[in-house]
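Below you'll find the structure I mean.
Note that these values count all heavy atoms, side chains included, but never hydrogens, waters or copies made by symmetry.
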Amino acid sequence: MSTQNTNADVLLQIDNLESYYGPIMAIRGVSLKVHEGQIVTVLGANGAGKTTLLKTISGVMDPEKGTVKMQGEEIQSLEPDAIVRRGIVHVPEGREIFPLMTVAENIAMGAYTRKDRSTISVDEDMVYSYFPILKDRRTQRAGTLSGGQQQMLAIGRGLMSNPKLMLLDEPSLGLSPLLTQEIFEIIVRLNKEQKVTMMLVEQNAKVALDAADYGYVMELGRIVMNDQADVLAASKDIQEFYLGVSQDENQRGQRRWKQRKTWR
Amino acid sequence: MDFLQLIISGLANGCVYGLIALGFVLIYKATEAVNFAQGDFMMLGAFVCIGFTNHEYMGLDFWVAVPLSILVMGVFGYLFNWGILRHMFGQSQTSIVILTIAMGFIIRFFAGFFWSHEPTSLETPFAGQDIRSGGLVLGIDEVMIVVVTAILTLLFYLFFSRSRIGLAMQAASQNQLAAYYMGIPVKRIHSLVWGLSGMVAAVAGILFASKGAIDPSTGLLGIKAFAAAAIGGFGSLPGALLGGLIIGLVEPLASRYGPPGVSQIAPYAILLLILIFRPGGIFSQTQRKKV
Ligand SMILES: Nc1ncnc2c1ncn2[C@@H]1O[C@H](COP(=O)(O)OP(=O)(O)O)[C@@H](O)[C@H]1O
Ligand SMILES: [Mg+2]
């Protein structure tokens, strides 16, 4: 089903994208496709440009060159609110919740671009059904939640915009392996049950490739590799550099992986 | 009795300071800019209402002039951000501060040019009337100020905790980037906040000019309101009002019971003490954010 080469069902298509921070070129000509219904992961070490890529898609940064097409229409020059209305929501790195507002108010802000109260409240129930802990804490200030709960809130809040495509920036950041597992199970369920296409940025290649259909690998602002998730997971380069499986059980390789882990 | 009258008149002054301070804090919380022209906005609001109401100008009915002036100042605030400040997006805070200071000078010039450099009072239907009970004589204007401020405080509370736009303003002030991600049009929200603080300034100005005379340099009162905002904790709306009330109360008490001249420095002395012993202000929010 998921050959990345056909153009059928392409939800998001990025061509030759370049983004800068002042004189610093952070995205150096990225092209990729996200097919409807898929989970596509973008892997890469710290500083590879993953967050910048997502920011450029969601419109908080404007690219210098290249196009971002959502369902065939160019969106790279739109304001962030117009992009949310097109069905793309960005769940940012480090949660970025509204700390002094309650959980329920945070959830309500996710629906800011929508008007119809009845469908909003149906979606609220849907969010609370995936994250029952948030329902228990709905009157609590969001800043007092634990890291895992804040991540759940960030995802739940994002769902409230009724997105076709969710951009997830390192949802495993700072979470225990158990919590990471739990969050990823919910991401996969949301993809299957709510038909939300996911673009998932991760440094944690193992969980990401387990969940994803297709994967891209980014280094220094460029895509250096792309393939089906299971093919990537089996490839030597990925195993060595991102999954920490060293071919000759080399001690140095192991240590490097551990070092990388502490960076997360 | 005398003491009670002193307190009421202090409260009335304090409400005006508090409302100007509220304007500072609204803008600071939402946009992280400090509007040093907030006192001049207040003065302009007063003169706009004087222009609509007083007989030597347009002579409109007072109850028509008041909402009209509030509306005009709301549009003024909105356009000031939309037309000028928005284009300085990404510039340093210092240049924005200097711009608002310059704006204050310009407003003072225009107020003198269009209206008057002389102290002018707003002609209100209740001017000079008193409420008497027992030995107590209260000016209706002073009672009015306290009541209007209380109602406005309640409206603000409801606006920020219930309305969609109010919640979005809170969201944008707590985490601007996240507000963008949620599709909140942050730049328009900023203009709306400027509009809102223009409206509050108009109310403060109308209240001020209904109690006494106002002239273009009255806008410099903004400095005192700035101290009020800092005393309350610069990011807190109730803090701004409380800071205003504290200053309003301390002034008449200090001038009655303190040595001569002390009432003029009392607000700043309190500000110093607060900044030394509770640097975040009374309603400091930084502690709460760290939880
Ligand atoms: N606000 C910024 N200003 C300047 N450079 C930045 C900024 N944010 C990120 N960068 C640089 O852009 C590059 C890509 O960063 P980023 O997209 O955050 O990478 P990743 O999310 O993959 O860790 C890095 O070299 C980083 O140093
Ligand atoms: Mg990142």
Can you tell me how far the CE atom of A:Met109 sits from the CD atom of B:Gln170, to the nearest 0.5 Å?
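The CD atom of B:Gln170 is 8.5 Å from CE of A:Met109, to the nearest 0.5 Å.
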I'd like to verify something: which residue of A:Ala111, A:Ser58, A:Pro92 has the highest number of heavy-atom pairs under 4.5 Å with chain B?
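Between A:Ala111, A:Ser58, A:Pro92, the count favours A:Pro92.
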Nearest 0.5 angstrom please: B:Phe160 CZ to A:Met101 CE, how far?
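These two atoms lie 11.0 Å from each other.
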Go through B:Arg164 and A:Lys115 one step at a time and tell me if the side-chain contact (heavy atoms from CB on, under 4.5 Å) criterion holds.
CA-CA 10 Å; B:Arg164 180 166 166 270; A:Lys115 290 276 153 64; 3.8 Å; yes
More than 12 heavy atoms of other residues, nucleotides or ligands under 6.0 Å from CZ of A:Arg114: yes or no?
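Atom CZ in A:Arg114 is packed in, count exceeds 12.
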I'd like to know whether CD of A:Glu193 has more than 12 heavy-atom contacts from other residues, nucleotides or ligands below 6.0 angstrom.
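Counting other residues, nucleotides and ligands, CD of A:Glu193 exceeds 12 neighbours.
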For the atom pair CG (B:Leu167) and CD (A:Glu105), what is the distance rounded to the nearest 0.5 Å?
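The CD atom of A:Glu105 is 5.0 Å from CG of B:Leu167, to the nearest 0.5 Å.
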Could you tell me whether the side chain of B:Gln174 and the main chain of A:Leu100 form a donor-acceptor pair under 3.5 Å?
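Between the backbone of A:Leu100 and the side chain of B:Gln174 there is a qualifying donor-acceptor contact (under 3.5 Å).
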Just wondering, more than 12 heavy atoms not from B:Phe159 lying within 6.0 Å of its CZ?
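It does: B:Phe159 CZ has more than 12 such atoms within range.
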Could you check whether atom OH of B:Tyr28 has more than 12 heavy atoms from other residues, nucleotides or ligands sitting under 6.0 Å from it?
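Result for OH/B:Tyr28: open.
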Most heavy-atom pairs under 4.5 angstrom with chain B, which of A:Glu79, A:Arg95, A:Arg157, A:Lys55?
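Highest number of pairs under 4.5 Å: A:Arg157.
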Of the non-hydrogen atoms in B:Gly183 and A:Thr113, which two are nearest, and what is the gap between them?
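Distance-wise, the nearest heavy atoms are O-CG2, 3.6 Å.
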Nearest heavy-atom neighbours spanning A:Ile97 and B:Asn175:
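It is O-ND2, 3.2 Å.
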Should we count CZ of B:Phe277 as having more than 12 external heavy atoms under 6.0 Å?
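Atom CZ in B:Phe277 is not packed in, count stays at 12 or less.
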Not counting sequence neighbours, list each pair that qualifies as a ring-ring contact (aromatic ring centres under 6.0 Å, His included) and has a residue in residues 66-121 of chain A.
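As it turns out, the ring-ring contact (aromatic ring centres under 6.0 Å, His included) pairs with a partner in residues 66-121 of chain A, which skip direct neighbours, are A:His90-B:Tyr181.
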Tell me, out of B:Ala171, B:Pro185, B:Ser161, who's got the most heavy-atom pairs with chain A below 4.5 Å.
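Option with the greatest count: B:Ala171.
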